[in-house]
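Below: one structure, written as structure tokens.
Chain identifiers are assigned alphabetically (A, B, ...) following the order of the sequence lines, protein sequences preceding nucleic acid strands; residue numbering begins at 1 within each chain.
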There are 2 protein chains.
Amino acid sequence: MEIYRDSHDRALTDYPRPSVAVDTAVLTVPPGGELSALLVRAGAGVGTGTGTGTGTAWRLPGTFLHEGELLADAVLRSLRTKAGVSGLSPRQLHVFDDPARDNRGWVLSVAHLDVVPWPSLTIDESLAKVVPVADAGALPYGHNDILDQAVATLRTRYAAAPDPAGLLEHPFTLRQLQHLHETVAGEPLMRDSFRRAMEPQLAATGELAAGTVGKPARLFSGA
Amino acid sequence: MEIYRDSHDRALTDYPRPSVAVDTAVLTVPPGGELSALLVRAGAGVGTGTGTGTGTAWRLPGTFLHEGELLADAVLRSLRTKAGVSGLSPRQLHVFDDPARDNRGWVLSVAHLDVVPWPSLTIDESLAKVVPVADAGALPYGHNDILDQAVATLRTRYAAAPDPAGLLEHPFTLRQLQHLHETVAGEPLMRDSFRRAMEPQLAATGELAAGTVGKPARLFSGA
DNA sequence: CAAATAGTGTCTTTTAGACACTATTCG
DNA sequence: CGAATAGTGTCTAAAAGACACTATTTG
């Protein structure tokens, strides 16, 4: 490998390097529930921003980046290890770079968002829990900021497409889709406008929902 | 400092760590010109993704993160060193984490956007140049992607506010503001709609522009 | 049948686009 | 004065909101 030197004649490897970690806001919507996030117990010795460890604190799952590993793979690894979650697509949100953030040294943390359909989220309840984002409380090390940014990103995504994160099982009715959007947005939506906005983006299966009160709704298969 | 150990009983400092760099899309609008970006010569030995150095290649300015330094400070340092630019506010765009990106080793690069008013951009022409983004050509190491994302971010910001990056000198007329918006958006905007959207967000100084052809326009002072 | 929900039609309000007309300056 | 630009009013078209009415199911 070629060695480049900078203006002070130092090779690349002569520079001190930060540890790099990932912290992830895992968002989901339980059936009939609110927009929720996955939290893990702080102080387990894995992840960033562990702090002095009160023992009862919760935090977003995270881990250190391994050599040559992609950030997205580190996110998936941390979730697999802690929550048995698989098949996801993490997105970067922001890099937290305050040198004093972590008392173990110089650690950069790349915050991520990962949206997980409820059925894919099987957690070890001794290590993790899923709580409505409104009830997350105060999290250490700026994790509330990550959560806020994650929710904002999710809302932006759902404002533009019917179900970009695949939170709904197919097929679904317009009512189910609207309920999901209201849960994500955190506010009620108008039936007429929602219909007008969504119907052109959906493909009807030709089937009808059965077993419900009222006129059976048409089923859609997503995009 | 307390030492935490992970599940393999390795202390934090035992992990291999990546070098971290910043690469910045510096955008500006020259008077009467197009939306433009700052490029520097590749192969100077500073920054990431230098490659084998053809000698004629151009790239976005970048540098390695120094110990304990904030990413934004590294961006400002790299711009100060290379272009005499000061007084800016870099924003993170994305972390490039392909382990094979840089032939000098494992380097993460945090892409940034920095929007600079033309008068603040005094460059050393032997090291750097400012070219319309449309004429940037093929840049190495995904820098075109950074540029695209930077332009998209800038457009989003200007769709929401009159002059979020302070590209216009105060006071300004509505026509000047519209011209700026058209330059940023890359397409003509309608006079009526633009007026309706912007006027409520502006504060008139009470003064009028002088020395121009036509009825003198009211001057505004921004937010 | 009553209650509940789906689907459709239509009216109103709001917003965006188009355009016309007046006002004021420079050359 | 004529060309150029600013500012305002108004007409029209499109989009969003509101609401009524019909259709079809469960209990």
Side-chain angles (χ1 to χ4, degrees), chain A residues 29 31-33 155-163 167-223, chain B residues 29 31-33 155-163 167-223:
Chain A
V29 177
R155 284 180 180 161
T156 301
R157 288 178 61 191
Y158 269 82
D163 189 14
L167 285 173
L168 223 46
E169 295 194 76
H170 291 202
F172 52 82
T173 67
L174 263 175
R175 167 166 282 264
Q176 292 171 315
L177 184 64
Q178 181 175 346
H179 195 86
L180 171 63
H181 275 248
E182 288 174 336
T183 303
V184 169
E187 61 181 15
L189 302 173
M190 275 179 306
R191 191 169 74 115
D192 306 78
S193 301
F194 186 78
R195 224 192 171 80
R196 274 198 279 245
M198 286 297 147
E199 214 166 344
Q201 304 184 58
L202 298 174
T205 64
E207 310 277 305
L208 295 179
T212 59
V213 175
K215 178 174 175 175
R218 285 185 295 166
L219 291 171
F220 297 88
S221 64
Chain B
V29 177
R155 285 179 180 162
T156 301
R157 288 178 61 191
Y158 270 81
D163 189 13
L167 285 173
L168 267 188
E169 295 195 76
H170 293 201
F172 52 82
T173 67
L174 263 175
R175 166 165 282 265
Q176 291 171 315
L177 184 63
Q178 180 174 346
H179 195 85
L180 170 63
H181 275 247
E182 288 174 335
T183 303
V184 168
E187 61 181 14
L189 301 174
M190 273 178 309
R191 190 170 74 117
D192 307 79
S193 301
F194 185 78
R195 223 192 172 80
R196 272 198 281 244
M198 286 298 147
E199 214 165 345
Q201 304 183 57
L202 297 175
T205 63
E207 309 278 306
L208 294 179
T212 58
V213 175
K215 180 175 176 177
R218 284 186 296 164
L219 290 170
F220 297 88
S221 65

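The listed nucleotides are D:dG17, D:dG7, D:dC19; the one nearest the side chain of A:D192 is D:dC19. Between D:dT8, C:dA6, D:dG17, one nucleotide has an atom nearer to the side chain of A:M190 than all others, and that is D:dG17.
A close approach under 4.0 Å does occur between a side-chain nitrogen or oxygen of B:S193 and OP1 or OP2 of C:dG17. Residue A:R196 places none of its side-chain N or O atoms closer than 4.0 Å to OP1 or OP2 of D:dA15. Residue B:R218 has a polar side-chain atom (N or O) positioned under 4.0 Å from OP1 or OP2 of D:dG7. Taking side-chain N and O atoms only, B:R175 has a distance below 4.0 Å to OP1 or OP2 of D:dA6.
Side-chain to base pairing of A:R191 with D:dG17: no donor and acceptor N or O lie closer than 3.5 Å to each other.
Distance, A:L189 CG to D:dA16 P: 13 Å, rounded to whole Å. Following rounding to the nearest Å, B:E187 (CD) and C:dG17 (P) show an atom-to-atom distance of 11 Å. Separating the CD atom of A:Q178 from the P atom of D:dG17 is a distance of 12 Å, rounded to the nearest angstrom. As a whole-Å value, the separation of A:Q176 CD from C:dA6 C1' is 13 Å. Separating the NZ atom of B:K215 from the C1' atom of D:dT5 is a distance of 9 Å, rounded to the nearest angstrom. Atom CG of B:L219 and atom P of C:dT25 are 13 Å apart (whole Å). Summarising the geometry, the separation between NE2 on A:H179 and C1' on C:dT5 is reported as 15 Å, rounded to the nearest angstrom. Counting to the nearest Å, the C1' atom of C:dA23 and the CG atom of B:L208 are 12 Å from each other.
Judged by distance alone, with hydrogens and angles left aside, the side-chain atoms of A:H181 form no donor-acceptor pair with the main-chain N or O of A:A159 at under 3.5 Å. Between the side chain of A:H170 and the backbone N or O of A:L219 there is no donor-acceptor pair closer than 3.5 Å.
Remark: B:E182 CD is packed, more than 12 non-hydrogen atoms of other residues, nucleotides or ligands lying under 6.0 Å away.
Screening B:R196, B:R175, B:Q178 for a side chain to side chain contact (heavy atoms under 4.5 Å, CB included) involving B:R191 leaves a single residue, B:Q178.
If you take OG1 on A:T205 and CZ on A:R218, they are separated by 9.5 Å, rounding to the nearest 0.5 Å.
Residue contacts for B:T173: at a heavy-atom cut-off of 4.0 Å it reaches no nucleic acid atom on any strand shown.
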